[in-house]
Amino acid sequence: MPSEPTSVTTATYTTIPISGGDVINRSIQNLYTFLSRSRPWPEFLAGASAVDIPTSFSDAAIRVRRNFKYFSVNYAIVISACAACSLIGSPVLLIFASLISASWLILLFFREDPMVVLGHQVSDLAVISVLVTVSASTVWFTGILNNLMIGIVIGVLLSVIHGGLRNPEGLFVDEDDAVSTGLISNAERGSS
């Protein structure tokens, strides 16, 4: 008696594509969620009680690392504001830079779902290719790079100076820092 072929069916799971407008709306929500994680500005700009001169270069480096970890969103806002201020002299450049930055944030960094355009799913490589091409051509044709780099460098310098001078002693620490500094042990970490 010949054996009959058995058919094996396998289920494939795919992501459910959603429309481009929904992707943009969810990306904007993710951007707002990211910005809401900023620390309170009065805490960031704490008075003279939180500012002192570091004792050594290594102490300054530790302070910068801890403050960057704790105030990362605040520093990103400061750097972005300095970059925007560097373009105020030319409103057209400011508009182009804002549009390009918003495109990168919405279409790539804060997007969770696949992008669908005209019923076809667009790959991440295609999105990155288009964003790089548009960004490069805008930088090339508008001459925005010099002004933008000056603003970014000033923002980074301000952030490093703040991070080095602000004493992080009163800030909350995360578990990894607490374990590495001996504040808690790995056994205590595992039980909590």
Side-chain angles (χ1 to χ4, degrees), residues 27-111 124 127-178 180-181:
S27 297
I28 291 172
Q29 285 177 332
N30 290 339
L31 176 63
Y32 285 136
T33 302
F34 172 76
L35 292 175
S36 71
R37 291 192 336 230
S38 69
R39 302 296 180 175
W41 288 100
E43 180 182 3
F44 179 76
L45 300 171
S49 63
V51 175
D52 62 359
I53 304 295
T55 58
S56 66
F57 182 75
S58 63
D59 182 36
I62 290 170
R63 285 182 179 198
V64 168
R65 184 180 59 83
R66 285 186 182 163
N67 283 324
F68 269 52
K69 192 179 265 188
Y70 190 76
F71 293 117
S72 61
V73 177
N74 297 73
Y75 288 131
I77 292 169
V78 167
I79 292 169
S80 299
C82 287
C85 287
S86 72
L87 300 175
I88 285 180
S90 177
V92 173
L93 294 181
L94 182 60
I95 291 169
F96 277 120
S98 299
L99 290 174
I100 289 172
S101 298
S103 300
W104 276 92
L105 292 174
I106 292 170
L107 297 177
L108 188 65
F109 293 120
F110 294 108
R111 181 173 53 90
D124 286 342
V127 172
I128 291 171
S129 300
V130 168
L131 287 172
V132 166
T133 303
V134 169
S135 300
S137 60
T138 302
V139 166
W140 180 264
F141 289 119
T142 61
I144 197 173
L145 189 60
N146 289 336
N147 290 347
L148 197 58
M149 289 307 295
I150 290 170
I152 290 171
V153 167
I154 290 172
V156 169
L157 283 175
L158 287 174
S159 300
V160 168
I161 290 169
H162 178 271
L165 291 178
R166 189 183 194 301
N167 192 341
E169 288 304 316
L171 305 177
F172 292 106
V173 295
D174 63 355
E175 288 182 357
D176 294 332
D177 282 343
S180 67
T181 59

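Numbering of residues begins at 1 and proceeds along the displayed sequence. Computed from a predicted model, the values in this text were never measured in an experiment. What's counted below: heavy atoms across the whole structure, side chains too, no hydrogens, waters or symmetry copies.
- Under the side-chain contact (heavy atoms from CB on, under 4.5 Å) criterion, Thr133 pairs with no residue at all, not counting sequence neighbours.
- Separation of atoms NE2 (His162) and CZ (Phe71) is listed at 6.0 Å; rounding is to 0.5 Å.
- Side chain of Ser101 to backbone of Ser98: no donor-acceptor contact under 3.5 angstrom is found.
- Under the side-chain contact (heavy atoms from CB on, under 4.5 Å) criterion, Val139 pairs with Ile144, Leu145, sequence neighbours left out.
- For the pair Glu43/Tyr70, a side-chain contact is recorded, criterion being any heavy-atom separation below 4.5 Å from C-beta on.
- Judged by distance alone, with hydrogens and angles left aside, the side-chain atoms of Arg39 form no donor-acceptor pair with the main-chain N or O of Asn74 at under 3.5 Å.
- Annotation: the span from Leu87 atom CG to Cys82 atom SG amounts to 11.5 Å, rounded to 0.5 Å.
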Residues 148-156 side chain polar contacts: donor-acceptor under 3.5 Å, at least two apart:
none

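- Rounding to the nearest 0.5 Å gives a distance of 10.5 Å between OG of Ser129 and CG of Asp124.
- Looking at residues two or more places apart in sequence or on another chain, you find a side-chain contact (heavy atoms from CB on, under 4.5 Å) between Phe96 and Val92, Thr138, Thr142.
- Residues passing the side-chain contact (heavy atoms from CB on, under 4.5 Å) test with Ser135, sequence neighbours excluded: Ile100, Trp104.
- Separation of atoms SG (Cys85) and CG (Asn147) is listed at 12.5 Å; rounding is to 0.5 Å.
- With sequence neighbours left out, the side chain to side chain donor-acceptor pair (under 3.5 Å) criterion links Ser137 to no other residue.
- Using a 4.5 Å heavy-atom cutoff, the side chains of Val51 and Asn167 are not in contact.
- Closest approach of Pro54 to Leu165, counting heavy atoms only: CD-CD2, 4.2 Å.
- Ile79 and Ser159 get closest at one heavy-atom pair: CG1-OG, 3.8 Å.
- Atom CG of Leu107 is separated from atom CD1 of Ile128 by 11.0 Å, given to the nearest 0.5 angstrom.
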